[in-house]
Amino acid sequence: MSPLIYYLIAFGAYTISIILMTGQSFAWKETRLSFYLGGRRFSAFSTTATFCATWISPLSLVGFSMWLYSDGYAAFFASVNGWLLGLLFFPFIVKRLRLKRALSLPEWLEKTYGDIRVRKLVALTMVFLYILYLVTQFRAFGIIVSYMLDIPSGFTSTSLIYLFVLYTTFGGYISVVRSDILNLFLIILGVTAAAAYSMPSGFSLGAAADVLLLKDQLDMVRSLSYSEIFSVFAIMLSWGLGVAGNPQYAVRILACRTEKDAYKTIAASPFIVGWVYICVTFFILVCRSYYPVIGDFEETLSFAKLGQFLPPFASAALLVGVIAAAVSTANSQLLLAACSLCYDLFPIKMEKGTKDQLVYYEDRFLVVNRVAITVIASAALLLSHAGLPGYLMLGRISWTLVAICFFFPLFLPSWIIKEKLFFVLSTALSVQCFLVFAAGISPENAMLAVLMLEALLFKVFSSSSLKTYSESICREGQGSHAE
Amino acid sequence: MLNKYSLETLMKWIFMSLAVSMVALTLGARLHQSYAAKKSAAVESGKELAVISDERKYSLPKEIVMGQLGPFWRESLPDEKPELVIRNGESTLGFDLDPKSIIISLVEEERYLILVGLLGLIVAVELAVLISYVLTRPLRRLAWGCRQIAQGSRVKIRHNALSPYEFHELTDSFNEMANELEKWKEVQKQVSRMDRLAALGEMISGLSHEIRNPLASIRIQLDLLRMEIGSIHEEGRSSEEIALCDAKEYISILDSEIDRLNKTVSQLLSFVRPKQQIISKVSLDDILSWCESMVKSQAEKQGIALMTGRIGGAVSVLADSEMLRHIVMNLSLNAIQSMDPLDGERKKVLSIVVGRTATVNGTGETGVIRVSDTGPGIPEEIQHRIFDPFFTTRQDGTGLGLSIVQRIAEGFGGTVSMETSSEGTVFSVFIPLADEGQQGTIFQHMEAQSNEYMDS
């Protein structure tokens, strides 16, 4: 049977499942807490599902795959190691994050460092970078759908993800989690099917080991120059720090029912994410060995074309997995962007004086929030057709901005002088934008330099404040002697 | 059966079923039509090829014949009766239509329609969600309002701009019902208070009578005893002089205690059986000058500054002059006592101001006496009880002062109100003005009120 039939059936089934299984959009009793964090009542299972589904984006599926296809194991070391390195940081912030009972990460920063300017700055950055992120998800979805349904890539294909994402995000975090459970299942199913059916002669452990240890694959790693090794290391570090500081994961830690659930999530996630990466890596390495040339196509399209070497049902499962990855990441990012805009950047003030105010306030707030969701998604939809740079590049820009904004405030609070945080962050963001957009330096290299600058500034401020403090102690001491 | 599902879920299912049916119907009809057309075209072309091949006696390789027939024909299996037989040289070739190929080709051709169907499905469901939002929001507010009313709170539901007309009407009806309930609660409160007061008055009348008679007898006997002791002292029996002095002291204590008891009983009686009010035109300026002479010394003893004043021109009200003074004195003494705990925290000021102000309904004017202090205010939890008889926070108080003030003011056809905060308390007594036009109706009202009190 034609693969198109499989693709149509798979896509139709996905659409119906999203509609039926992602549940309520407007809960009967909803508040900001339930909308942003699902009322902080999610178990380890649900949180792990949404954590992993959000993690696996088209960037990490397609971007990584095509890099692996062209450069072999170097891509694995730089990206998979980097991402999993970021995961190691999470156990250290669970307690700190949950202690403040904040609804968003910018609010947490304000509560921790007592500076509303930091909250506004970070919220503004989040709105910007998540719109960029959304553009990448929309594009990837559009290309995959146009390939699957054999239609021109354009407004029709991207408008489908627009509708999916609006539908799942309107219900807030609860609806996002429900859709993520389905999406994670489809991602795992897709990559597992791809790995299992990728070998032309059928899967066997011996044949798999042959592919993994193929001389060419290993020779490429051995032949890396020092500058390439540094580049791989820089990318690994920047992607790792980007993961560690990503608000998408921090929010999921905030939304856990208990601290124990958060730790369980962090403990279980590497296995799920690791399985996905192993399957994808195996599938791509098989393609690299057996079908080394697929032609000069756009990244996502190349990935989709690799699917043609699979049986149609496995190919359909893999492509639906990419669609699911795009939807699961996009709805989470859309929710965060709307939260930053409505809750952190321009919060609606509650009128005082009337007893029934809270009910109307919550209602109004959530209506405005949904309008913001529509506006942000529409902006991303338009931008996805606006000829911005390739989506891997957009992902790298966003990723590095996240690390610059959040890494130090989240993980190294003892270095930070509260009064100087806003200055340091705004300087770091400006320098990063200058280096990337004006000087044309790659986002990862620029980010490493900017992180060092941030560390230096924090160090200078902390030692100068220590000096001022010790001088004041000395002066007091001298004063008491004179008396 | 449906009570387990939310309106949104039901709407979603209904809309989705409708959308699916529409898509299935349109797509089904379209596919069926296309299938029939393709099949008949394939049959036609097959027959045509068979005729041509028969006429021209072609002898072609099987693949070329199949290529000529197109993708919808397949070679017949050995045990199948072929739908189409083509003579090919000396031999014959059997072919059958392949419905699977036709369907695949159809789906490929109609994929845009399928895509539009899927889009329609999502849009329909999102519409369902929005419609259910518009319907459920006002219901949620009404449910919340009902809970508030059940808890005894006053509530007014606002209109939702997105809701249809029916919900606006429902909201209006709810608000009207809530208002009526409030009024009804107020009436019930009044009735219950009147009942309590009537029962109290009855009890106090009986009790006072029972206490007063023995008290009068005790007083007479005590006076006689004092006289007797006085005569013994005059006769100069020196041996018992010290003991007699002690007895005199005890008697004087008894005397003052009987006076106190008598005063309390009189107060009780004046509460349940107020004196007949003599209503006349009273200038509030006279009350103000009386306050300065009577209250000032009392206030100064406590280190309180008395400030009196008048807002606007001279004001005359319709009241019983003596009782009006009683009101002012009562409120002033309360204010002085309330400033006791201040202990140098802030300046103690008692202010008495008279004047005229707008009535509550805004239709006219009324006279007002405002007595305010700079005390710590009245705690919120007892504010609703301060006009209740026998409610007091002082150990030596009877708790009748404010209730008597209220009764007297109501007897004039006026009202008493109180505003309090941590900065102090203001009691305002509103009394009808002695304007010419109003006098007749107000006299009638006061007469009725007086009679009512006398009856009780």
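Chain identifiers are assigned alphabetically (A, B, ...) following the order of the sequence lines, protein sequences preceding nucleic acid strands; residue numbering begins at 1 within each chain. These values consider heavy atoms only, across backbone and side chains, with no hydrogens, waters or symmetry-generated copies.
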Output for pair (B/Arg158 CZ, A/Arg364 CZ), nearest 0.5 Å, gives 8.5 Å

Rounded to the nearest 0.5 Å, the CD atom of B/Glu126 sits from the CZ atom of A/Phe164 at a distance of 9.5 Å

Could you tell me whether B/Met22 atom CE has more than 12 heavy atoms of other residues or ligands within 6.0 Å of it?
no

Distance col, row A/Ile5:CD1 vs B/Ile103:CD1, nearest 0.5 angstrom, shows 8.5 Å

| query | Should we count NE2 of B/His32 as having more than 12 external heavy atoms under 6.0 Å? | reply | no

Value for CZ (A/Phe11) from CG (B/Leu118), rounded to nearest 0.5 Å, stands at 6.0 Å

Chain B shares the most heavy-atom pairs under 4.5 Å, among A/Ile16, A/Leu149, A/Val145, with A/Leu149

*List the steps and the verdict of side-chain contact (heavy atoms from CB on, under 4.5 Å) for B/Leu115 and A/Leu8.*
CA-CA 9 Å; B/Leu115 189 67; A/Leu8 269 174; over 6 Å; no

Cut-off 4.5 Å, heavy atoms of chain A, and the answer for B/Ile114 is side chain

- Message: For B/Gln188, I'd like to know if atom CD has over 12 heavy atoms of other residues, nucleotides or ligands within 6.0 Å.
- Response: yes

To the nearest 0.5 Å, atom CG of B/Leu130 lies from atom CZ of A/Phe170 at 6.5 Å

With a cut-off of 6.0 Å (strictly less than), are more than 12 heavy atoms of other residues, nucleotides or ligands near CZ of B/Arg30?
-> no

### Query
Are more than 12 heavy atoms from other residues, nucleotides or ligands located less than 6.0 Å from atom NZ of B/Lys185?
yes

On a heavy-atom basis, the closest approach of B/Glu108 and A/Leu4 is CG-CD2, 3.0 Å

Residues passing the side-chain hydrogen bond (donor to acceptor under 3.5 Å, both in side chains) test with B/Asn175, sequence neighbours excluded, are none

dist B/Leu121:CG -> A/Leu163:CG (nearest 0.5 Å) comes out at 11.0 Å

#### Entry: Crowding at OH, A/Tyr343 (>12 non-hydrogen neighbours, <6.0 Å)
yes

